[in-house]
Protein chains: 2
Amino acid sequence: MAKFLIADDHPLFREALQGALANHFSELTLREAEDLDSTLSALNNDDDVDLLLLDLHMPGSGDLYGLIRVREDYPLLPVAIISGSEDSSIVAKCIGFGALGFIPKSLPSAEIAEAIDTILQGDTWVPKENRERLDVISDEDQQLAQKVSELTPQQYRVLHFLHEGLLNKQIAYQLGITEATVKAHITAIFRKLGVYSRTQAVLVAERLQL
Amino acid sequence: MAKFLIADDHPLFREALQGALANHFSELTLREAEDLDSTLSALNNDDDVDLLLLDLHMPGSGDLYGLIRVREDYPLLPVAIISGSEDSSIVAKCIGFGALGFIPKSLPSAEIAEAIDTILQGDTWVPKENRERLDVISDEDQQLAQKVSELTPQQYRVLHFLHEGLLNKQIAYQLGITEATVKAHITAIFRKLGVYSRTQAVLVAERLQL
DNA sequence: AACACTATTAGACCATAGTCTAGATTGATA
DNA sequence: TATCAATCTAGACTATGGTCTAATAGTGTT
């Protein structure tokens, strides 16, 4: 009796995936989440999830942050990344940051099920094309990722906008908070990342391709 | 009667390269330069140089800036990059930014001469290992490179330190000028790159891997 | 030599970034 | 319910960043 959590902001895709899985796994329980917050709280309520199917591009998730955060909070949970893109460097990053699999959305459902079988057995599965260059993540990048995982979701959002080159005033407008609050978050980000200027914080984000 | 310009800050290497070339090219005239400034003035004085052998890591050159600058000022001059490293992405960037060849310093002298022959005929030459993935540089990156080439050497140095995450005060100390002057340079850099904050300038530098 | 042009320099001034302190809210726990 | 911890919020204050103006020095041109 397996239990999966599907985290994807696209309801139609969740439905399609659900259908594909139902044909291949009998006795399957599915939970759903549509953003990072609901994913984390779903994991918090259900402590017996066997596999997380995590979309990279979710609201509040910002590419790698969702994965980094989940891996930090639930290191034992197998995670398969579901993604529209299949860029080699992204695939490598995901595996490097602890995902057991990387499943492109374009895959036929039979192959998706096959990939999930592999992952449930504890093995790594990535598309054939990406199997060659799975660069190892450096120790330094691992440490940086660990620091990034300590950021709160709101702080992560602020870092994301920092990385876009926005001014504090613009970030405040985007998030609907005052500039003073943005500054407070930025100070907290500096502390957690171990830097002392916005430029350096941006360089950390750039390095992890957040 | 060929005329080459060797631009490398290592006198011993210039000498070794000179020796290797003398065996393969009769009637060879050699000019030497040890930093970016002397390279540019040498090119300015000698308008009949047939080939520039350019080291990537030279004082005042900061990896790709030297190449970008030379290509902007002398678009018709064949340039072969000489480098200690042979990282694939760097090779691709160099070729993308208009170098005709990329010659690792570790190459035996016979192969260096062979590579130079190829380049003099107007063909591209890179190490065997790097021949597969010569990613094309995007139009946007080309435009950015064109903008970076408009920076003066001093402005480029400032951008380099910006990219290291230094404060204006620290940059001023490094360059032996006042903070006010650093700020003036930074404003000029913003204008030329078409950005309006140091964060965005840093992101441009990061994107071009300067 | 006189000229225009550009890089470099810097001071005065204003805008933005960043720190410190602290109240309000939420969630888990006893 | 009471309480602790963490997050989010923001105001007051200081440091740093960025613009404008302008002087100086070098470069090439006529």
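All values derive from a computational prediction rather than experimental measurement. Here is the naming used below: chain letters follow the sequence lines, and residue numbers restart at 1 for every chain.
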### Query
Just wondering, are more than 12 heavy atoms of other shown residues or ligands nearer than 6.0 Å to CD in Gln18(B)?
yes
To the nearest 10 degrees, the angle between the two end axes of the helix from dA4(C)-dT27(D) to dA30(C)-dT1(D) (five pairs per end) comes to 30°
(Q) Around atom CD of Glu15(A), are there more than 12 heavy atoms from other residues, nucleotides or ligands closer than 6.0 Å? (A) no
field: Asp8(B)/Lys105(B) ion pair, N-O < 4.0 Å
entry: yes
Whichever of His185(B) and Lys169(A) has the more 5' nearest nucleotide on DNA chain C, that residue is His185(B)
Residues at least two apart in sequence or cross-chain that pass side chain to side chain contact (heavy atoms under 4.5 Å, CB included) with Gln155(B), listed by chain then number, are Leu151(B), Thr152(B), His185(B), Ala188(B), Ile189(B), Lys192(B)
Is it true that a side-chain atom of Asp50(B) and a backbone atom of Lys3(B) form a donor plus acceptor pair closer than 3.5 Å? yes
Base, sugar-phosphate, or nothing: which does Phe190(B) touch, judged by heavy atoms less than 4.0 Å apart? sugar-phosphate
Asn168(A) atom CG is separated from dT16(C) atom P, nearest whole Å, by 10 Å
Rounding to 0.5 Å, atoms NZ (Lys93(B)) and CD1 (Ile68(B)) come to a distance of 9.0 Å
In the 5' to 3' direction, the nucleotides of DNA chain D bounding the stretch that comes under 4.0 Å of a heavy atom in chain A are dT7(D) to dG11(D)
Are Asp35(B) and Ser38(B) close enough that a side-chain donor and a side-chain acceptor fall under 3.5 Å?
yes
Arg198(A) meets the salt bridge (Lys or Arg N to Asp or Glu O under 4.0 Å) criterion, sequence neighbours left out, with none
Between CD1 of Ile186(B) and C1' of dT16(C) the distance, given in whole Å, is 14 Å
Residues in residues 172-183 of chain A with a heavy atom under 4.0 Å of DNA chain C, by number, are Lys183(A)
Can you check whether Thr152(B) has a side-chain N or O nearer than 4.0 Å to OP1 or OP2 of dT6(C)?
no
Heavy atoms, side chains only, cut-off 4.5 Å: are Gln170(A) and Phe161(A) in contact? no
Residue set satisfying side chain to side chain contact (heavy atoms under 4.5 Å, CB included) with Leu100(A), at least two apart, ordered chain then number -> Pro78(A), Ile119(A), Thr124(A)
Between Gln154(B) and dT9(C), is there a side-chain N or O to OP1/OP2 distance below 4.0 Å?
yes
**Asked** So, Phe190(A) versus Tyr196(A), ring centres under 6.0 angstrom or not?
**Response** no
